[in-house]
Amino acid sequence: MLRLYDTARRAKVDFVPRVEGRVSMYVCGATPYDLPHLGHGRKEVVFDTIRRYLAWRGYAVKYVSNVTDIEDKIIARAHEEGTTEPELVARFEVTFRSAFERLNILQPDDEPRATEWIEEMTRLIAQLVTNGHAYVVEGQGVYFQVDTLPSYGSLSHRTLDELLESAGARVDVDERKRAPVDFALWKTAKPGEPAWDSPWGPGRPGWHIECSAMSLKLLGDSFDIHGGGSDLVFPHHENEIAQAVGAGHEFARYWLHNGMLNVDGQKMSKSLGNFVTLVDVLEQYDPRAFRLLVLQTHYRRQMEIGEKELSDAEKAIGRLDAVARRVRADGLESAPVGDVTPFRDVMDDDFDTPAALAYVFELVRDANVALDEGLRDTAATAFATLRELAGVLGIELRAEAPEADSEIDALVEAREAARRAKDWAESDRIRDELSRRGIVVEDTPRGPEWRRE
Ligand SMILES: [Zn+2]
């Protein structure tokens, strides 16, 4: 039985999909007004891996993730750059998409864009106005009245009083809202702003309404999994629920949220100056190393990232490619997959990818030992299994990838250490290993030097 941690229930619960054998999943996508950062990369890898695992587990998965192509930040940035909103979004969307492709993120089954769903949104807003959950402020727009919904706060586990208290200090004096926690469903356009027609005059949707409108329409009244970063629990997801429930829908059955990340031990933020773009990391490191590093931390936990973590992850990827090369050289690439139970058991426990990876690397060791000992069938099965499971995690092995220099350096150093310790058997073993990889080592007065044959 698959169990997952539901943010709303604050517990691990059995996963029972709405329709047997099918999973409908909605994950909040990007607002492309700037370069993607590491947090975007983590969220994509986390939910892509969950999607791949569910599919491997036999579910027919429908995966929807939106693109917010109109929003205050987009308008502000386009204005700063002296360009139009569609041009700005189109430009950054290309960057997001190519970064995600390098991370081996599968394309969503549906990728709705907010500006193409305005009618659906205005319909939902009109329903909320009719139901008495929303009100119109002339010249400003339409607001959701939070105190009309007693269950508001149930996802983030806050009471209305607590929310009122924390929102109190942040009241914008220009806004004529009935309460500071009330949030915009529709914003009346100011001169020069992009605008669409609505029953309340020209304007644009508030940020939250698009996800409720598009997920309900594309996935149905009570779809299975809603995901996103933990920074979206409040207010975004709380508001998505309010909009859907206020209009009489059931909405998502399970809420999954991934943790945030620390760069070099500190929370990543523009003000701390440690804001790292995903593009920079993918240029400097094997994208598979970033993916592996993300999965080495459980998705709900805080993740640490820095140069050391990335280069360690790159070495681990090197070990996967190295075993793939050995197996290819020995002609052992086609064998049936062996025991996947340990992998499935840990993944069924709220997608425990660190434990799943530990099993994959146990299989790497098993395959290498079996190859050393000439146990061809054992090696072939271990390899077929590890390749299958790494694939479920979205990590492809590359037998054709040349080994990284750092991998060879490490072997040459290990051989030197064995020689100094007069462990001739070990130093010969490493020399054979190097020569099998086509590496020639020469002992010079400056120490050992190596080159490729
Ligand atoms: Zn959303």
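Throughout, numbering of the chain's residues begins at 1 and tracks the sequence. Read the numbers this way: they start at 1 and go in the same order the structure lists the ligands and their atoms.
Tally of protein N, O or S atoms closer to the Zn ion (ligand 1) than 2.8 Å: 4.
A donor and an acceptor atom, one from each side chain of T68 and E210, are located under 3.5 Å apart.
Listed by first and then second residue, the side-chain hydrogen bond (donor to acceptor under 3.5 Å, both in side chains) pairs that reach into residues 17-29 are R18-S24, S24-D224, Y26-N66, sequence neighbours excluded. For the salt bridge (Lys or Arg N to Asp or Glu O under 4.0 Å) condition, no pair includes a residue of residues 129-158, sequence neighbours left out.
The side-chain tip of R77 does not point at the ring of Y33 from less than 6.0 angstrom away and within 45° of straight on.
With values rounded to the nearest 0.5 angstrom, K217 atom NZ is found 12.5 Å from D110 atom CG.
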Could you list the donor-acceptor pairs under 3.5 angstrom formed between side-chain atoms of residues 383-392 and any protein atom two or more places apart in sequence or on another chain?
residue : atom : partner : partner atom : Å
T385    : OG1  : G338    : N            : 2.7
T385    : OG1  : T381    : O            : 2.6
R387    : NH2  : E333    : O            : 3.0
E388    : OE2  : W56     : NE1          : 2.7

